[in-house]
Every structure is written in C-alpha cells, then in structure tokens.
Amino acid sequence: MGVGRLSMVAAFMAATLCLPAPDARAETEVDAALVLAVDVSRSMDPDEQELQRQGFIEAFRSPQVHEAIRNGMLGRIIVTYFEWSGVDYQNVIVPWTIIDGPEAAMKFADGLHDNPIGRLRRTSISGAIDFGAKLLEQTGVEPVRRVIDISGDGPNSSGRGVVAARDEAVAKGITINGLPIMLKRPSGFGDMENLDLYYKGCVIGGEGAFLVPVRERQQFAEAIRTKIIREIAALPANPLIETIQAEAPVNCMDGDRGMYRWDRN
C-alpha cells in the first residue's frame with residue numbers, strides 16, 4: 001500500500017474515532033417522559049387512595065401496557081410517580097425510571113407497592129403542575145413527548161392559579177392530561193359537581209391533551225390503564241376519553257376563590 005493511501009486511511013480512522021458511537025444518541029432517547037402526579041389530599045378517603053395506587057400498580061403490571069411500550073418508535077419510556085396535596089407538598093414515590101420491557105415495568109409497579117401512601121390537607125393542582133414541569137427538566141434523556149398526568153378529586157384550592165401553571169407548562173411543550181375522580185356527591189366547600197368539566201377547561205392542555213373521568217370505583221383500574229396506554233403509545237381515543245376543547249365551560253377561578261374560605265382538602 002502506498003504512502004499516500006496509508007495517509008488517507010490513517011486520516012479516515014482518526015476522523016472516525018472523533019465521531020460519537022452511532023447509537024450513543026439513541027440510547028438517551030425515549031418515546032415519552034411521563035410524570036404521574038397523584039392527589040393524596042384528605043378529601044379522598046383512604047380506600048379511594050388505595051384504589052388509585054392499586055390502579056397504577058395494575059397498569060404497569062398489565063401486558064397491554066407492556067405491549068404499548070414495546071410498540072413505540074423507540075420501545076422505551078421514562079416514568080416517575082409523585083404524590084401531591086397542598087402547595088408545599090410534593091413527594092416523589094418512585095424516581096425517574098426507564099421502562100424498556102416487562103421486567104422494568106414490573107419493577108416500577110413493585111416500587112409503588114412497597115411505599116406507603118401519604119394523606120395531607122389542601123389541593124394544589126398548580127403546585128403539582130409546577131413540580132411536574134421541574135421534574136421533566138431532570139430526566140437526563142431526550143423524550144419525543146413530555147407529559148404530566150394529573151389525577152385528583154377537587155379543584156385547585158392552594159397556591160397560584162391553576163390556569164397560569166397550566167399555560168406556562170404548555171408553553172414549554174408539555175402536555176397535561178387529567179384523571180378527575182368523581183366518586184362522591186359534592187357536600188361542601190372544595191367539592192365540585194362537574195369536576196370533569198373543570199379539568200377539561202382549566203387543567204389539561206397541550207398537544208393531544210385528554211381526560212378520563214372516573215365515576216365508579218370499579219372503573220379505577222381500567223381508566224388508569226386506558227390513560228397510560230394512550231399517553232405512551234398515542235393510540236386513537238376511545239369512548240372513555242374526552243379530548244380537550246378550546247373554550248372552558250366552567251369558571252377556572254371557582255376553586256381558587258375557595259382557598260381563602262376553607263381548608264378541608
């Protein structure tokens with residue numbers, strides 16, 4: 001081999017060594033970064049909180065969720081789960097976890113099963129959104145989609161206005177979906193007859209945002225599984241899912257006004 005060709009080969013090898021490995025970027029990419037933000041305010045009975053937690057556990061143990069993750073463009077997501085109540089309480093139960101198959105999903109479910117459930121006063125949806133947005137800055141990966149999944153049984157009653165928090169998150173490219181829990185009839189301050197309409201008009205937002213209302217106890221597990229599959233796989237909506245509408249049918253200040261009059265939640 002001539003000296004000129006040897007020089008060309010050496011130059012090519014040197015340039016190749018300077019390039020990142022072909023899959024280095026791919027290893028940091030995920031289909032979705034999903035924040036599960038779960039209400040543990042005292043307005044929810046302990047058995048309702050247990051149903052809620054168990055619904056998430058069952059979802060991550062279900063073959064349907066495993067298949068949805070596997071069928072994604074990259075075949076993996078990153079998920080974290082935290083509990084929230086008042087503006088000053090957000091507690092991460094399971095930190096950011098890459099789920100790239102059934103084994104990782106089952107381990108995430110085990111983490112939920114092995115940790116106790118908190119129960120505190122007040123309901124700050126705005127605080128949960130703000131905290132979720134901060135968590136999404138700490139994933140260490142590059143998600144195709146960023147989603148905050150809010151579940152709760154009442155309107156915002158603590159912290160800043162929920163619409164401001166939602167709009168700031170949406171401006172960052174974050175989608176906020178909702179699971180309004182409507183198991184009990186309104187009985188006082190902080191309760192809301194049409195919580196699903198409040199979530200639709202005031203809480204959810206961003207590209208493809210949707211909500212799945214829960215009106216019966218037996219719906220918990222199915223509703224949570226349906227919502228998670230939709231979030232990680234972007235599947236077409238089914239009858240349980242209501243997509244976001246442009247106009248809010250309720251006054252988004254209803255819950256915020258009440259924060260000065262009551263502290264039941």
Side-chain angles (χ1 to χ4, degrees), residues 32-46 48-57 59-60 77-97 108-109 111-141 143 146-181 190 195 198-199 202-206 209 211 224 227-228 231 255-256 258-259 263-265:
L34 176 59
V35 175
L36 302 175
V38 179
D39 181 8
V40 293
S41 59
R42 289 185 180 178
S43 61
M44 293 185 63
D45 297 334
E48 291 174 347
Q49 293 180 339
E50 183 60 37
L51 276 172
Q52 184 176 222
R53 174 72 71 85
Q54 191 60 38
F56 282 102
I57 291 172
F60 282 94
I77 64 173
I78 190 168
V79 187
T80 186
Y81 181 108
F82 77 89
E83 295 177 340
W84 59 272
S85 57
V87 66
D88 296 321
Y89 182 81
Q90 298 92 27
N91 182 36
V92 174
I93 303 301
V94 181
W96 283 118
T97 303
F108 184 85
L112 294 178
H113 181 272
D114 296 339
N115 282 280
I117 301 172
R119 193 160 187 257
L120 291 96
R121 298 170 71 89
R122 298 186 182 272
T123 302
S124 182
I125 300 174
S126 58
I129 292 173
D130 290 341
F131 187 75
K134 290 179 181 177
L135 288 177
L136 284 167
E137 297 173 355
Q138 304 167 9
T139 63
V141 298
R146 296 184 297 160
V147 180
I148 299 175
D149 178 327
I150 298 278
S151 65
D153 74 336
N156 193 65
S157 66
S158 176
R160 67 173 178 149
V162 66
V163 172
R166 177 197 64 188
D167 290 350
E168 284 186 19
V170 169
K172 295 176 182 178
I174 298 170
T175 296
I176 303 171
N177 298 325
L179 185 84
I181 299 168
L195 185 64
Y198 176 85
Y199 263 66
C202 312
V203 178
I204 68 174
L211 63 87
I224 291 172
K227 187 155 64 68
I228 289 176
E231 286 164 339
D256 297 331
M259 72 176 68
D263 62 357
R264 177 173 177 268
N265 287 12

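In terms of modelled atom types and a separation under 3.5 Å, the side chain of Glu83 and the main chain of Asn91 share no donor-acceptor contact. Judged by distance alone, with hydrogens and angles left aside, the side-chain atoms of Trp84 form a donor-acceptor pair with the main-chain N or O of Ala37 at under 3.5 Å. Side-chain atoms of Ser157 come within 3.5 Å of backbone N or O of Thr123 as a donor-acceptor pair.
Ser124 and Ser158 get closest at one heavy-atom pair: OG-O, 2.7 Å. Scanning all heavy atoms of the two residues, the minimum distance from Gln49 to Val40 falls at NE2-O, 3.1 Å. Contact detail for Trp96 and Leu136: the closest heavy-atom pair is CH2-CD2, 3.7 Å. Counting all heavy atoms, side chain and backbone alike, Ile129 lies closest to Ala169 at CG2-CB, 3.9 Å. When all heavy atoms are compared, the tightest approach of Ala59 to Ile224 is CB-CG2, 4.1 Å. In this structure, Gly161 and Ser126 approach most closely via the heavy-atom pair O-CB, 3.8 Å.
Going from atom CG of Leu34 over to atom OG1 of Thr175 covers 11.0 Å, rounded to the nearest 0.5 Å. A distance of 11.0 Å separates CG in Asp130 from CG in Leu135, rounded to the nearest 0.5 Å. Atom CG in Asn115 sits 5.5 Å away from atom CD1 in Ile93 (nearest 0.5 Å). Atom CG of residue Leu179 and atom CG of residue Leu195 lie 10.0 Å apart, to the nearest 0.5 angstrom.
Residues Arg146 and Thr139 form no side-chain contact, since every pair of their non-hydrogen atoms from C-beta on lies 4.5 Å or further apart. By the 4.5 Å heavy-atom criterion applied to side chains, Phe60 and Leu36 are counted as neighbours. In this structure, Pro143 and Ile77 have side chains that are not in contact, with every pair of non-hydrogen atoms separated by 4.5 Å or more. Side-chain contact check for Gln52 versus Ile181: some heavy-atom pair is nearer than 4.5 Å. Val35 places a side-chain heavy atom less than 4.5 Å from the side chain of Thr80. When side chains are defined from C-beta on, Asn177 does not count as touching Tyr199, because their heavy atoms never get closer than 4.5 Å. A heavy-atom distance below 4.5 Å is found between the side chains of Arg160 and Glu168. Between Ile125 and Tyr198, the closest side-chain pair of non-hydrogen atoms falls below 4.5 Å.
Under the 30°/60° scheme for interplanar angles, the aromatic rings of Phe131 and Phe82 are found to stand perpendicular.
More than 12 heavy atoms of other residues, nucleotides or ligands lie within 6.0 Å of NZ in Lys172, so this atom counts as buried by the packing criterion.
Listed by chain and number, the residues in a side-chain contact (heavy atoms from CB on, under 4.5 Å) with Ile57 are Arg53, Gln54, Arg61, Ala109, Leu112, His113 (sequence neighbours excluded).
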